Colleague: 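Would you mind keeping the following structure in view while I ask a few things?
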Amino acid sequence: MRTDLAICGGGPAGLATAIHAARVGLHPVVLDARPLPLDKACGEGVMPAGVAALQEMGVRVDEAARATFHGVRYVDGPVVAEGRFRSGMGWGVRRTSLIESLVSRAEELGVTLRYGCPMKRWRRVAAGGVRLDTEDGVVEAPLLVGADGLHSRIRREAGLARPWRGARRLGIRCHFRVAPWSRCVEVHLAGDVEAYVTPTGPREVGVALMWNGDARRFDDLLAELPRLRERLADAEITSRPRGAGPFRQGVRRRHAPGVVLVGDAAGYLDPLTGEGITLGLLTARALVRVVAEGAPLDRYETAYRRLSRNYYRMTALLLAIAPRRRLRRQVIGALARNPGIFDHFLEVNDGASSLHALGWGGFGRLVQGLVSSPPVGDEPRRSAAQVAARARSSST
Ligand SMILES: Cc1cc2nc3c(=O)[nH]c(=O)nc-3n(C[C@H](O)[C@H](O)[C@H](O)COP(=O)(O)OP(=O)(O)OC[C@H]3O[C@@H](n4cnc5c(N)ncnc54)[C@H](O)[C@@H]3O)c2cc1C
């Protein structure tokens with residue numbers, strides 16, 4: 001079959017590309033190796049810019065299949081800081097439900113979807129464009145969109161991958177039947193393990209654990225976070241653990257003749273800022289604009305860098321702080337003292353503001369907060385009171 005756009009990967013980035021393409025009159029085909037329903041290890045927090053992007057695409061996620069959250073709360077022993085989104089809300093939504101909603105929208109727009117249909121081989125053809133061999137026959141298109149995820153084969157085979165030999169970070173997630181106790185994504189930090197607790201429904205939370213090193217069992221990791229384990233002790237487990245990683249995947253560029261990358265395939269640093277889905281949705285829109293205008297793919301590369309700049313900066317900053325326990329507590333203490341600055345960082349992370357906009361005054365308050373933070377083990381008393389008040393007003 002011949003098509004305008006062959007999209008390999010029917011996750012959020014591939015489906016968003018197909019939806020945008022169909023809305024400008026193109027006829028895309030989406031192939032995914034796995035059958036529906038599609039699940040994946042993910043924290044499942046969609047940040048406000050991602051929620052806005054879904055709504056703009058006309059994607060409807062049933063209210064019963066999601067929970068809203070209004071910020072992020074860090075918990076490191078006795079030190080707690082909470083930041084709120086200044087505009088919009090985030091959604092916690094199970095991966096299976098998110099894909100189901102994207103699939104319905106793509107179907108509404110007449111996109112050809114082939115789930116359970118792996119791409120076996122692809123090659124460039126002399127006349128231009130690409131030819132894909134799939135389980136279901138041949139697909140030919142002027143452009144192949146590699147939306148095949150973190151360990152993208154298309155990225156590697158197109159010569160676009162850049163190897164990374166640094167620390168290996170891994171993640172694993174599981175769901176629990178329990179009423180969410182907070183209207184934030186709660187990040188618990190202890191030792192070398194981080195837990196991201198996201199409300200994903202009226203009676204469910206998702207828990208994603210991340211760490212450096214080799215594969216480990218969910219229960220062993222959770223044991224390192226006794227307060228969280230205690231909270232979940234009586235809750236029924238509603239999904240089997242799913243792992244992912246190593247996270248960091250470098251790219252030289254995001255396009256080559258006949259091929260372009262989107263979503264995690266286009267490069268990835270780490271999930272700890274919860275921006276992967278949002279970035280996939282936003283860059284898919286940028287890609288389709290370039291394709292629809294018939295502009296060179298360099299324009300997409302430029303747009304990608306602009307859209308991902310804050311993600312890379314904020315993620316790199318948090319990756320530098322997270323393993324340094326003393327510094328980490330000092331930073332959380334400083335954010336607890338200055339919740340307005342935490343709110344600003346969330347806005348930067350979501351692409352709605354810049355670090356510059358914090359101004360000298362903001363940086364000054366942050367540094368002051370850092371210097372005056374107590375040593376590890378001591379609760380910052382004044383900020384604890386402030387945080388407790390904020391937490392009370394946000395707990396459900
Ligand atoms: C532990 C963890 C926690 C996370 N938490 C968050 C969070 O809270 N918020 C957030 O926004 N992001 C989070 N992320 C990141 C987020 O999950 C990804 O950024 C997002 O799923 C990327 O979407 P994608 O469409 O690029 O890739 P995927 O969702 O990985 O989809 C790729 C698809 O390609 C298909 N595929 C692969 N090879 C082939 C082939 N040869 N033929 C056909 N199909 C193929 C696969 O079956 C898959 O369905 C987290 C990630 C991890 C690992």
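Since this is a predicted model, take the numbers as computed values, not measurements. Worth knowing before you read on, the calculation uses all heavy atoms, side chains too, and leaves out hydrogens, waters and symmetry mates. Remember, it's 1-based here, ligands and their atoms both numbered in the order they're listed.
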Colleague: Tell me, please: is E275 in heavy-atom contact with ligand 1, that is, under 4.0 Å?
Modeller: yes

Colleague: Flag the pair D133 and K120 as a salt bridge only when some basic side-chain nitrogen lies within less than 4.0 angstrom of an acidic carboxylate oxygen.
Modeller: no

Colleague: Does ligand 1 have any atom that is closer than 4.0 Å to a heavy atom of G280?
Modeller: no

Colleague: Out of G263, G9, P12, whose heavy atom sits nearest atom 23 (O) of ligand 1?
Modeller: P12

Colleague: Taking CZ in R60 as the centre, count heavy atoms belonging to other residues, nucleotides or ligands within less than 6.0 Å. Is the count above 12?
Modeller: no

Colleague: Enter the distance from L31:CG to C8:SG here, rounded to the nearest 0.5 Å.
Modeller: 6.0 Å

Colleague: How long is the straight-line distance from CG of L355 back to NE2 of H344, given to the nearest 0.5 Å?
Modeller: 6.5 Å

Colleague: Give every donor-acceptor pair under 3.5 Å between a side-chain atom in residues 206-223 and any protein atom, sequence neighbours left out.
Modeller:
residue: W211; atom: NE1; partner: D214; partner atom: O; Å: 2.7
residue: R216; atom: NH1; partner: E224; partner atom: OE2; Å: 3.4
residue: R216; atom: NH2; partner: E224; partner atom: OE2; Å: 2.6

Colleague: What pair of heavy atoms forms the shortest contact from D136 to C117, and how long is it?
Modeller: CB-SG, 3.6 Å

Colleague: Show the atoms of ligand 1 that are less than 4.0 angstrom away from any heavy atom in A244.
Modeller: 53 (C)

Colleague: Relative to the heavy atoms of A41, which atoms of ligand 1 are at a distance of less than 4.0 Å?
Modeller: 2 (C), 51 (C), 52 (C), 53 (C)

Colleague: Which atom pair, heavy atoms only, marks the closest approach of Y268 to G276?
Modeller: CE1-CA, 4.3 Å

Colleague: Is M47 close enough to touch ligand 1? Criterion: a residue heavy atom under 4.0 Å from a ligand atom.
Modeller: no

Colleague: Geometry only, no angles: is I277 polar-contacting ligand 1 at N/O separations under 3.5 Å?
Modeller: yes

Colleague: Just to confirm my output: which protein heavy-atom neighbour is closest to atom 32 (C) of ligand 1, and how far is it?
Modeller: A147 O, 3.4 Å

Colleague: Starting from atom 50 (C) of ligand 1, find the nearest protein heavy-atom neighbour and note its residue, name and distance.
Modeller: P271 CB, 3.6 Å

Colleague: May I ask you to say whether D39 pairs ionically with R95, meaning some side-chain N is under 4.0 Å from a carboxylate O?
Modeller: no

Colleague: In the protein, what heavy atom is nearest to atom 8 (O) of ligand 1, and what distance, to one decimal place, separates them?
Modeller: G45 N, 3.1 Å

Colleague: Which atoms from ligand 1 have a heavy atom of L38 less than 4.0 Å away?
Modeller: 49 (O)

Colleague: Just jot down the ligand 1 atoms closer than 4.0 angstrom to any heavy atom of E44, in number order.
Modeller: 7 (C), 8 (O)

Colleague: Which of the atoms in ligand 1, numbered in the order shown and given with their element, are less than 4.0 Å from a heavy-atom of G274?
Modeller: 7 (C), 9 (N), 10 (C), 11 (O)

Colleague: Which residue and atom name correspond to the protein heavy atom nearest atom 30 (O) of ligand 1, and how close is it?
Modeller: K40 CE, 3.5 Å

Colleague: Could you list the atoms of ligand 1 found under 4.0 angstrom from a heavy atom of M210?
Modeller: 3 (C)

Colleague: Closest approach of L261 and Y300, non-hydrogen atoms and distance?
Modeller: O-OH, 2.7 Å

Colleague: Give a yes or no on whether a salt bridge exists between E204 and R177, defined as a side-chain N under 4.0 angstrom from a carboxylate O.
Modeller: no

Colleague: Just to be sure I'm reading this right: ignoring hydrogens, which of P35, C42, G171 gets closest to atom 2 (C) of ligand 1? Compare them by their nearest heavy atoms.
Modeller: C42

Colleague: In residues 15-29, what donor-acceptor pairs under 3.5 Å come from side-chain atoms, sequence neighbours left out?
Modeller:
residue: T17; atom: OG1; partner: A13; partner atom: O; Å: 2.7
residue: R23; atom: NH1; partner: E56; partner atom: O; Å: 3.1
residue: R23; atom: NH2; partner: E56; partner atom: O; Å: 3.1

Colleague: Could you tell me whether some N/O pair between A33 and ligand 1 is separated by less than 3.5 angstrom?
Modeller: yes

Colleague: What protein heavy atom lies closest to atom 15 (C) of ligand 1? Include the residue and the distance to one decimal.
Modeller: Y268 OH, 3.2 Å

Colleague: Kindly identify the option in G11, G43, S152 whose heavy atom sits closest to atom 31 (O) of ligand 1.
Modeller: G11

Colleague: Closest heavy-atom contact between T3 and P142?
Modeller: O-CD, 3.2 Å

Colleague: Could you identify the single nearest non-hydrogen protein atom to atom 41 (N) of ligand 1 and state the distance to 0.1 Å?
Modeller: M119 O, 3.6 Å

Colleague: Nearest non-hydrogen contact with atom 48 (C) of ligand 1 belongs to which option: D32, T17, L36?
Modeller: D32

Colleague: Any ion pair linking E301 and R306 (charged N to carboxylate O, less than 4.0 Å)?
Modeller: no

Colleague: Taking all heavy atoms of A265 and all of S152, pick out the closest pair and write down the distance.
Modeller: CB-CB, 3.5 Å

Colleague: Should the proximity of F247 to ligand 1, defined as any heavy atom under 4.0 Å, be assigned to the side chain, the backbone, both, or neither?
Modeller: side chain

Colleague: Taking NZ, NE, NH1 and NH2 as the nitrogens, is one of them in R329 or D76 under 4.0 Å from a carboxylate oxygen of the other?
Modeller: yes

Colleague: Which residue from A13, C8, G149 reaches closest to atom 27 (O) of ligand 1 through any of its heavy atoms?
Modeller: G149

Colleague: For atom 38 (N) of ligand 1, what's the nearest protein heavy-atom neighbour? Residue, atom name and distance, please.
Modeller: D148 CB, 3.7 Å

Colleague: Looking only at non-hydrogen atoms, which of V46, D264, V93, I99 approaches atom 18 (C) of ligand 1 most closely?
Modeller: D264

Colleague: What about L150: any of its N or O atoms under 3.5 Å from an N or O on ligand 1?
Modeller: no

Colleague: If you measure every N or O of G10 against every N or O of ligand 1, does any of those distances drop under 3.5 Å?
Modeller: no

Colleague: With a 4.0 Å cut-off on N to O distance, would you call E108 and R105 a salt bridge?
Modeller: yes

Colleague: I need the atoms of ligand 1 closer than 4.0 Å to a non-hydrogen atom of R95, numbered in the order shown.
Modeller: 16 (C), 17 (O), 20 (C), 21 (O), 29 (O)

Colleague: Is it true that D192 and R325 have a side-chain N and a carboxylate O under 4.0 angstrom from each other?
Modeller: yes

Colleague: Only heavy atoms of G276, strictly under 4.0 Å: list the atoms of ligand 1 that pass.
Modeller: 10 (C), 11 (O), 12 (N), 19 (O)

